[in-house]
Protein chains: 4
Amino acid sequence: MVEKSKKERLIQASIKLFAQQGYHNTTVAEIADEAGVAKGTVYWYFNSKEELFWGIIVSRIESINEKITEEVSKINKTAIEKIGTVIRLQLNLFKDNKNIVKMIHESSFSPGENFYKKMQQLRAIGINSVAKIVKEGQENGEFVVDIEAEELANFILGSISGSYNPSVYKLDKVEEKTDLILNIILNGVKA
Amino acid sequence: MVEKSKKERLIQASIKLFAQQGYHNTTVAEIADEAGVAKGTVYWYFNSKEELFWGIIVSRIESINEKITEEVSKINKTAIEKIGTVIRLQLNLFKDNKNIVKMIHESSFSPGENFYKKMQQLRAIGINSVAKIVKEGQENGEFVVDIEAEELANFILGSISGSYNPSVYKLDKVEEKTDLILNIILNGVKA
Amino acid sequence: MVEKSKKERLIQASIKLFAQQGYHNTTVAEIADEAGVAKGTVYWYFNSKEELFWGIIVSRIESINEKITEEVSKINKTAIEKIGTVIRLQLNLFKDNKNIVKMIHESSFSPGENFYKKMQQLRAIGINSVAKIVKEGQENGEFVVDIEAEELANFILGSISGSYNPSVYKLDKVEEKTDLILNIILNGVKA
Amino acid sequence: MVEKSKKERLIQASIKLFAQQGYHNTTVAEIADEAGVAKGTVYWYFNSKEELFWGIIVSRIESINEKITEEVSKINKTAIEKIGTVIRLQLNLFKDNKNIVKMIHESSFSPGENFYKKMQQLRAIGINSVAKIVKEGQENGEFVVDIEAEELANFILGSISGSYNPSVYKLDKVEEKTDLILNIILNGVKA
DNA sequence: AATGAATGAGTATTCATTCAT
DNA sequence: CATGAATGAATACTCATTCAT
C-alpha cells in the first residue's frame, strides 16, 4: 500500500505537532486532524494523549540505545573508533529527528512519575553502554585512567547532547561534526 | 519586619512549585496558597502566570550571564582560569538552584514561541561571553586554534550542562567537579 | 446444540450488566464482550441500546401482567385468594429476577419521556387487573366498599413493591411473606 | 435580599432539571444556565455533578427523618396518631417536592457505592424510627403483636411510598389521603 | 493593596452507532 | 450473519483571569 496506516499517520502527526508546539499546547483534536482521522480514532490506537507522547519518545531512545549497545560488542574496533560511532549515531539521530529531539528535551520534565523513571532508566542504559567502551579503552591504554569510566561516559554523552545547538550546529555535515567533537573529547582544547 | 514581602513569597512559592510539578501542572491557586496570599493578589504583582514563570527564569540566567561577562573582563587571569570560573559558576548555580535548573530545563521548550526565542538569546549571550574568553586564550597561545572560538564555547557550555546529571554528580563537591570537567576539556581523555 | 443463540446470550448479558451497573454505566461494548460476540453484532439483533434495555423490561412486566390478568378471570377462587396469588406472583418475580427488579427500579425514571409513559401504561394495566379483583371482592362482600377499587388496587400493588426491601426481606420464604403481606392488607395492624 | 444566593439558585435548578430529565440526561451546562450563572460557578459551590445530586437527595431525606424522629418522642400522642403523622409527613414531602420524589426514585439506582450506602443508612434510620412507634403501639395494645415491629415498619413506610402514584393520587388533599392510607393500614381491606 | 467570588473558553475522553468487508 | 475499525457528537471539569468590594 502506498497509503500509510492510520496508526502510523497518527504517530507522524504527533511527532510533528508535539515538537512544534509542545505537549501541552498540542490538542488531541489537532493531532487527529493533522493525521486525517477522526478524533475518536486516536483512542482506538492509543489509550491516552500521554501514552501517545511517551510511546514515541521511549521507542526512539530505545532504538538508539540498541544501536549503541550493538557497537559496544564489536571486536574489530578500537575504543576510540567506538566512541566516534556513538557520537555519529547521536548526531544522526538529531539530524533525522529534529522534532523528536525537541520532544525529548521537553520530556526531561516529567508529566508523570512512571515515565520519568522510564526516562532515567533509558539514560542509565545509554551511559552504561558507553561506560563499557570507556573501560575497554582504559584497559588497553587508549584512555586516561584517572577518571572513573562512568563519569567519563556521562561527560561524553552529556557533551554531545548538551553541545547540540541548532543555531550553532548545522547538522548537514555529520562527519565533520563528529570529528570535531571526538577531537575535543580526545585531545582537549589546550594548545 | 522579618516577614518577607508578598511578592518575594510568591516568587519563592513559584520556584518551588514550578520546579516540582512543572509549569502546566502548577496552578496559580496553588502558588497563591503556598505563598499564603489570595489568588487575586498574584495579579497585583504579576501580569500573568507566564510572566511569573519567565520572570524568574530570565532573572537567574541574566544574573549568571552577568557574572560570566564580569569574569571575561578581568585582566589578571589566564583564559584557562576564566574557563574554570565559568564552570564553577555554572555548577554553583546548579547546586544552589536545583529547582531553577529544572525550570530552565522545562523552559527550553515550553509555552510559546516568544519565550523560546528569548531563551535562545540568553544562551547566545552566554556563549558569546565564553567565546571571548576562548578567543583570548587562542590569541595568547593557551588554546588550540584549529577550532572556531564560538564552536568551542558552545561545546564547553554544553558539556557542563549536558553532563550535569543529578543521579551521577553529587554537587556537594563543586571544586572537585570543576577540576574534573576542566581537566577533560583542557586535556581530553586520550591517554 | 446446547449453545444458546447469540440473541439469547445478548439478553442475558444485558440483564446481568444493566442490573449490576445501571443503564448508563453499561456500555454496548461490555454487553457484547460479556455475551462473547462482536460489538457490531448487537446491532444485528437490536436497533439500539435503548431498545435492548426496554425490550427486556417490557417483556417481563408484560409477562407478569398477563399472569395477573389470567388470575383475574378464574372463577373458582375468591377475591382474597386472587389477591394472595398476585402477591405471590410479585414476590416470585422479585425472587427470580433480582436483577430485573433493579432494572425496573431504574427504568421508573430513566431515559426519555417515551419510555416513562410506556412504564406508566404498564403499571396502569397491572392496577387495572387488580382493581377488577377488588371490585369482585367488593361486590361479593369480601372487601370493604368505602374505598374506591382503583385506589385500593394501587395501594395493594404499591405496598408489595414498596415494602420489598432486599435488606429486610429474605425472599427465600415467599409463602411466608405472602401470608404476612396478605394478612396486613386484609386485617390491618390494629389490635 | 430578594435575590436568592447563587448556591440556592443552583440547588433549585438542579432539583428541577434532575427531576424532569433524570441525572444522566441533565448537563451541568443546563443547570448553570437554568440558575443563571456561569458553568464554572457550579464548581465553586459543588465539587462535582454527583455531589450536587446526592447533596440534595440526602439533605431532604435527612430532613424528613428528623421530623419523624421528632414525632417518635412526643408523649401526648398515641402510636396510631404518630403513624398518622408519619403518613402525613411523607405525603406532604411528596406534595411539596414532586421533583425530589422523582430524584429519590432515580437515586434508588446508585451511581456510586458511597452514596448507595448512605441511602441504605437513611432508609434504615427512617424504618428504625417508625419501628419504635410500632413497638410502643404493640406494648400498649394498639397494634397486633404477631408481627415483628421492624417488618411492620418496613411495610408501612413502603406502602406509603409504593402507593404514591401521581396518576392516581391527587396530592392536593393530603388529609384525606392520610386518612385513607391510615385506615387501610390499621383496619385492612377485609369487610 | 488585597480579596475571593465569578467567569467561560478550552479539552481529554467516552461510547453508541455505522458500514465495508 | 458477523465483524471491528472508524466515527464524531456530547460533556464534565479545569483554571487563568477579572473585578466589585
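Atoms considered below: every heavy atom in the structure, side chains included; atoms not considered: hydrogens, waters and symmetry mates. Chain A is the first sequence line, chain B the second, and so forth, proteins listed ahead of strands; every chain is numbered from 1.
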**Item:** Residue whose nearest DNA chain E nucleotide is more 5′ - Val42(D) or Val42(B)
**Value:** Val42(B)
**Request:** With the side chain counted from C-beta on, respond yes when Phe46(C) and Ile11(C) share a heavy-atom pair under 4.5 Å apart, and no when they do not.
**Result:** yes
**Asked** For the base of dT13(E), is there a side-chain donor-acceptor partner from Lys39(A) under 3.5 Å away?
**Response** yes
**Item:** Any donor-acceptor N/O pair, Thr41(A) side chain to Val37(A) backbone, under 3.5 Å
**Value:** no
**Asked** Does a side-chain N or O from Tyr43(A) land closer than 4.0 Å to OP1 or OP2 of dC15(E), or not?
**Response** no
**Request:** Measure the distance from OH on Tyr23(B) to C1' on dT14(F) and round it to the nearest whole Å.
**Result:** 15 Å
**Fill in**
In whole angstroms, the gap separating P of dT17(F) from CH2 of Trp44(B) amounts to 18 Å
**Message:** Counting only side-chain heavy atoms from C-beta out, which of dT3(E), dC1(F), dT7(F) sits nearest to Thr41(A)?
**Reply:** dT7(F)
**Asked** For dT18(E), what is the paired nucleotide under Watson-Crick or G-U wobble rules, both distances under 3.5 Å?
**Response** dA5(F)
**Asked** What integer distance in Å separates His24(A):NE2 from dA12(E):C1'?
**Response** 13 Å
**Item:** Phosphate contact (dT7(F) OP1 or OP2) by Lys6(A) side-chain N/O below 4.0 Å
**Value:** yes
**Complete:** The correct set of residues in residues 31-38 of chain A placing a heavy atom under 4.0 Å from DNA chain F is Val37(A), Ala38(A)
**Asked** Please give, in whole Å, the distance from dT3(F) P to Tyr45(C) OH?
**Response** 9 Å
**Nucleotide opposite dA1(E) in a Watson-Crick or G-U pair, distances under 3.5 Å** = none
**Request:** Using a 4.5 Å cut-off on heavy atoms from C-beta on, say whether the side chain of Leu17(C) contacts that of Tyr23(C).
**Result:** no
**Asked** Gln21(A) has an atom CD; how far is it from atom P of dT11(E), in whole Å?
**Response** 11 Å
**Asked** What's the spacing between Ile125(B) CD1 and Ile64(B) CD1 if we round to 0.5 Å?
**Response** 13.0 Å
**Request:** Would you kindly compare Thr27(D) and Asn47(B) by the position of their nearest DNA chain F nucleotide and give the one closer to the 5′ end?
**Result:** Thr27(D)
**Asked** 5'-most contact on DNA chain E: Thr26(C) or Ala29(A), nearest heavy atom basis?
**Response** Ala29(A)
**Message:** Rounded to whole Å, how long is the line connecting atom CZ of Phe46(A) with atom P of dA12(E)?
**Reply:** 15 Å
**Prompt:** In terms of ring plane angle, is the pair His24(C) and His24(D) parallel, tilted or perpendicular, where the classes change at 30° and 60°?
**Reply:** parallel
**Rounded distance in Å - NZ (Lys49(B)) to C1' (dT14(F))** = 11 Å
**Request:** Starting at atom CG of Leu10(B), determine the distance to atom P of dA1(E), rounded to an integer number of angstrom.
**Result:** 14 Å
**Backbone of Thr27(D) reached by a side-chain donor or acceptor of Glu30(D) within 3.5 Å** = yes
**Request:** Only one of Gln20(A), Gln21(A), Lys16(A), Lys49(A) passes side chain to side chain donor-acceptor pair (under 3.5 Å) with Thr26(A); say which it is.
**Result:** Gln21(A)
